[in-house]
Amino acid sequence: MKLGSYILKRSLLMLLVMFGVLAIVFAIVHVIPADPVGALLGGNAPPDVVERMKEQLGLNKPLFDQFVDYVWGVIHGNLGNSIQSGRQVIQDIAEYFPVTLQLAIASIIISIFLGIFLGIFSAIYRNRWIDHFSRIFSILGVSMPVFWTGLILLLVFYYILGWLPGTGQLSLFVIPPEKITGMILVDSLLDGNWEAFWDGLRHLILPATVLGYAATASIARITRASMLDVLNQDYIRTAKAKGMPKRIVIYRHALKNALIPVITIIGLTFGGLLEGAVLTETVFGLPGLGRYIVNALLVLDYPAIMGGTLFIALVYSLVNLSVDLIYAVIDPRMRV
Amino acid sequence: MRKFLFMALVFSFAAMAFSASIPKDTVVIGMNTGIFISFDPAVCYEVEPSIMVMNIYSGLFKLQEFNGTIQAVPELAESYDISQDGKTWTFHIRKGVSFANGDPVNADAVVYSVRRVLQLKKSPVWLFESLGLNSENMNETVKKIDDYTVQITMNKSYAPNIVMSIFAESWGGIVDPKVAQSHDVSGDMGSTYLADHSAGAGPYILKSWQRNNMIVLIANDKYWRGAPRIKTIIIRDMPESTDQQLALKRGDIDIAWNLTPEQVNSLKGDPNFNVVSVPAQSNEYLAVNAGWGPFKDVRVRQAVKYAIDYDSIIKNIAGGYAIKVQGFIPYGYLGYVSDMPFDQNIAKAKELLAQAGYPNGFEVELVTNTTERRRNEAIAIQADLAKIGIKANITIMQASQMYTKMREQGVQMIVAGWGIDFPDPDALAKPFADYRVKQLAWRMMWYDDHAADLAEAAGFELDQTKRVEMYKELTNYWFDNGPFAILYQPLNYWGTRAELKGFDQTAKGYSLAFDLTKMYK
């Protein structure tokens with residue numbers, strides 16, 4: 001019962017956040033002293049052509065009216081049409097988001113494994129060389145630009161060794177699976193298209209590694225700190241004193257409790273990955289949401305920018321809400 | 001056991017690496033396709049998509065390069081007559097030509113396609129409107145005479161090359177009315193559908209476009225000049241030039257579209273690759289605002305032109321991929337002037353500044369956009385101007401912001417480029433010298449009636465020799481008085497695999513002409 005009202009409260013708060021995001025993004029994109037029509041028409045078009053197109057697109061209306069129109073549309077489930085392509089923004093998002101989602105899931109799996117293991121080892125072998133190594137290794141992930149790591153991995157595994165394919169989601173002459181979710185791996189499984197699954201998986205390895213590695217550091221750090229915290233607690237000492245095997249003490253007694261803060265950081269990281277990783281998507285030629293929004297920003301395609309940001313804010317809030325719910329399940333104290 | 005599994009995995013990855021190579025009748029292009037918006041001829045205006053549209057839709061005329069000059073030659077118009085007053089054109093449509101789906105190309109299709117551009121009023125419409133055609137007068141100006149004859153009446157007697165060139169571009173592509181109208185959604189004349197489908201009579205058919213991913217063109221076997229040799233063209237989206245370089249070297253693509261000068265130079269001398277380069281249909285320029293402070297004085301404008309080290313910019317910033325040109329009419333165009341009156345001459349520039357009353361120079365804002373090349377050009381110019389005492393503060397902005405500021409006549413000094421809209425000197429003389437068309441000259445507040453009159457008159461001159469003389473006179477006047485310094489005419493370049501032949505012929509005249517049928521393997 002309590003959980004129900006909690007979810008309701010959070011959902012109402014989310015609506016408020018959405019409206020806030022909408023208002024702020026709208027204000028920011030309209031403060032920039034440029035207009036999308038100028039960008040759309042390039043440098044050559046004479047001023048009257050620019051004016052006429054502004055009128056066509058309703059961009060010469062007062063800002064407040066434009067905002068009200070937009071919010072009204074959003075309430076009715078219409079994110080508007082992209083100025084650039086004339087297509088519905090919602091249609092664009094539906095096309096680009098699955099690519100980002102698949103990459104984010106693959107990356108978060110990699111960074112959870114890497115992060116938690118590095119974190120545990122760091123904590124157990126605190127201040128020994130294993131600790132130093134894993135800390136340096138994970139910090140390197142955040143410090144090296146993904147752009148650079150991506151290109152180096154491509155150079156080694158695609159160009160020199162030839163073990164993995166280059167950019168894109170599938171090889172040219174592999175028949176793509178029928179589009180169901182938009183995520184190549186899921187679709188090819190549903191379709192029973194094993195060739196596409198294998199090829200898609202091979203294409204996913206490098207970008208997911210690059211992105212997952214970059215997201216590892218924060219997870220490793222929190223795991224380490226939280227493990228250290230737990231390992232110093234009385235019940236662990238008691239367990240050790242009882243003569244329980246070290247492995248059981250660490251993995252059964254300590255880890256379970258140490259994971260609670262880690263879940264928060266995993267949730268936040270995953271939310272971040274879902275925004276679309278522009279640079280990774282660019283280096284690996286993936287048609288994801290990040291590139292879509294950046295392209296829209298470059299030409300000030302207002303509806304695309306607003307729709308994209310709103311969607312990301314929604315996804316981010318939902319991820320956070322689920323993290324809080326998982327919390328409640330794992331930690332009974334939260335339910336009180 | 002674990003070790004064995006690991007090794008097996010590594011080997012299977014390695015084995016997969018030897019994937020199928022590109023078939024002989026297929027060409028794969030690696031390109032940054034972020035700029036693609038639509039393949040509808042009435043909507044498309046950007047460079048790369050336009051050249052694809054020109055290969056999907058045939059127009060009344062087609063642009064071709066002969067001996068360095070781009071000319072419009074009849075395509076679907078078998079012949080044409082021009083009335084005595086030079087305003088009314090009668091086009092005789094080639095008989096027996098059909099669209100890719102078998103529908104006939106006739107007068108109805110031509111009239112529909114021209115009116116469609118005028119009605120949809122998208123980015124390219126102003127080119128037809130510059131001939132006096134618009135959605136209000138189109139029922140009188142664009143008419144069907146019989147099934148294979150169309151009459152179009154302009155508001156003035158424009159030089160024939162202007163009219164033919166404008167109709168030869170992507171927006172002049174003839175659309176199958178049946179297909180377009182059957183996909184009409186709330187009066188868009190099929191525009192949403194044609195964004196990623198095709199309904200043309202050109203050598204290729206747009207098979208599919210997955211945005212930011214891949215474009216597939218297949219040969220139109222019904223093309224009236226005969227089916228092209230390459231049956232499938234795949235354009236893979238590769239936004240990063242290094243990826244293109246790696247993929248080209250590994251043989252995963254045949255053409256790398258967006259290499260940097262260093263990357264393309266690294267291919268030179270390797271027998272597995274060719275480097276193809278052609279003069280670009282654009283000018284790179286520095287402009288000053290003739291209505292702002294010191295630049296009101298013509299001597300200050302001249303001083304700026306004498307301060308710049310043009311050769312160094314071409315060599316060090318454009319990596320040699322540029323042609324030294326100083327007039328507004330580029331190399332290969334009717335009326336091209338080969339004179340190069342400006343070389344860096346600091347003493348002369350200083351003297352001119354002193355005469356104008358600025359012996360110690362002044363401070364000015366130099367605007368440009370975010371591309372690496374433009375930034376470097378701005379920095380080089382800043383250093384050159386510093387030598388004569390002018391302190392230029394560089395402001396870098398997004399192109400959208402820069403052009404807005406420029407349209408408001410709000411820039412003091414700018415480094416930018418001008419892409420040519422159609423292959424006629426008129427497409428350059430008007431923007432660069434005639435403030436009345438409200439393009440470059442107007443934006444830089446150069447309200448010079450003599451220059452404007454000359455540019456306008458030359459546009460109506462039907463005698464070619466006289467026309468050339470007029471452009472020569474205008475260019476010389478413009479050298480002395482204008483607010484522009486042309487830095488160079490860029491060269492476009494591509495890296496290709498050696499097994500791909502004929503791409504040099506394909507690329508000739510890029511970005512106004514581009515003929516995919518010329519390449520083969």
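Letters go in sequence order (proteins before strands), and every chain restarts at 1.
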Give the member of Lys438(B), Arg407(B), Gln439(B) that has the highest number of heavy-atom pairs under 4.5 Å with chain A. Arg407(B)

Where is the tightest heavy-atom contact between Tyr159(A) and Lys249(B), given as atom of each residue plus distance?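 Minimum heavy-atom contact is OH-CD, 3.3 Å.
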
Is Lys121(B) salt-bridged to Glu55(A), going by a charged N under 4.0 Å from an acidic O?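 Judged by the 4.0 Å cut-off on N to carboxylate O distance, Lys121(B) and Glu55(A) do not form a salt bridge.
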
Check: Arg236(B) and Thr167(A) side chains under 4.5 Å, non-hydrogen atoms: yes

Where on Glu408(B) is there a heavy atom nearer than 4.5 Å to chain A: the side chain, the backbone, both, or neither?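 Interface part for Glu408(B): neither.
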
For Phe157(A), is it the side chain, the backbone, both or neither that has a heavy atom under 4.5 Å from a heavy atom of chain B?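 Phe157(A) has no heavy atom closer than 4.5 Å to chain B.
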
Tell me, side chain or backbone of Val216(B) under 4.5 Å from chain A's heavy atoms, or both, or neither? neither

To check you understand the geometry: which heavy-atom pair defines the closest contact between Pro239(B) and Gly285(A), and what is its length? CD-CA, 3.9 Å

If you draw a 6.0 Å radius around CZ in Phe26(A), do more than 12 non-hydrogen atoms from other residues or ligands fall strictly inside? yes

Give, as side chain, backbone, both or neither, the part of Val50(A) having an atom under 4.5 angstrom from any heavy atom of chain B. side chain

Counting heavy-atom pairs under 4.5 Å with chain A, which one of Met238(B), Met214(B), Glu129(B), Lys405(B) comes out on top?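 Most pairs with chain A among the choices: Glu129(B).
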
Which answer fits Ser123(B), side chain, backbone, both or neither, if we ask what part of it has an atom under 4.5 Å from a heavy atom of chain A? both

Under 4.5 Å between any side-chain heavy atoms of Phe284(A) and Asp243(B), yes or no? no

If you count heavy-atom pairs under 4.5 Å with chain A, which of Ile37(B), Thr192(B), Thr26(B) comes out on top?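 Maximum pair count with chain A is reached by Ile37(B).
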
Below 4.5 Å from any heavy atom of chain A, which atoms of Ile234(B) appear? Answer side chain, backbone, both or neither.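 It is the side chain, since no backbone atom gets that close.
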
To check you understand the geometry: which heavy-atom pair defines the closest contact between Pro23(B) and Phe173(A), and what is its length? CD-CZ, 3.6 Å

Pick whichever of Gln84(A), Met53(A), Arg291(A) has the most heavy-atom pairs under 4.5 Å with chain B.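 If we count pairs closer than 4.5 Å to chain B, Arg291(A) comes out on top.
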
Measure the CG-CG distance between Leu172(A) and Asp252(B) for me, rounded to the nearest 0.5 Å.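 Rounded to the nearest 0.5 Å, the CG-CG separation comes out at 7.5 Å.
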
Identify which of Pro124(B), Pro431(B), Gly417(B), Gly419(B) forms the greatest number of heavy-atom pairs closer than 4.5 Å to chain A.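 Between Pro124(B), Pro431(B), Gly417(B), Gly419(B), the count favours Gly419(B).
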
Glu95(A), part contacting chain B, at a heavy-atom distance under 4.5 Å: side chain

Side chain, backbone, both or neither: which part of Val28(B) has an atom under 4.5 Å from a heavy atom of chain A? side chain

Does atom CD of Glu178(A) have more than 12 heavy-atom neighbours, drawn from other residues, nucleotides or ligands, at distances under 6.0 Å? no

Which pairs pass side chain to side chain donor-acceptor pair (under 3.5 Å) with one or both residues in residues 208-217 of chain B, sequence neighbours excluded?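 Checked against side chain to side chain donor-acceptor pair (under 3.5 Å) - neighbours excluded - the pairs reaching residues 208-217 of chain B are Asp196(B)-Arg211(B).
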
Please check if the number of heavy atoms outside Ile175(A) that lie under 6.0 Å from its CD1 is greater than 12.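 No, because the 6.0 Å sphere around CD1 of Ile175(A) holds 12 heavy atoms or fewer from other groups.
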
I'd like to check Glu240(B) versus Leu151(A) (side-chain heavy atoms, cut-off strictly below 4.5 Å). Are they in contact?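 Yes, at least one pair of side-chain atoms sits under 4.5 Å.
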
Lys122(B) atom NZ, over 12 foreign heavy atoms within 6.0 Å: no

Side chain, backbone, both or neither: which part of Ala247(B) has an atom under 4.5 Å from a heavy atom of chain A?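 When you check distances to chain A, atoms from both the backbone and side chain of Ala247(B) fall under 4.5 Å.
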
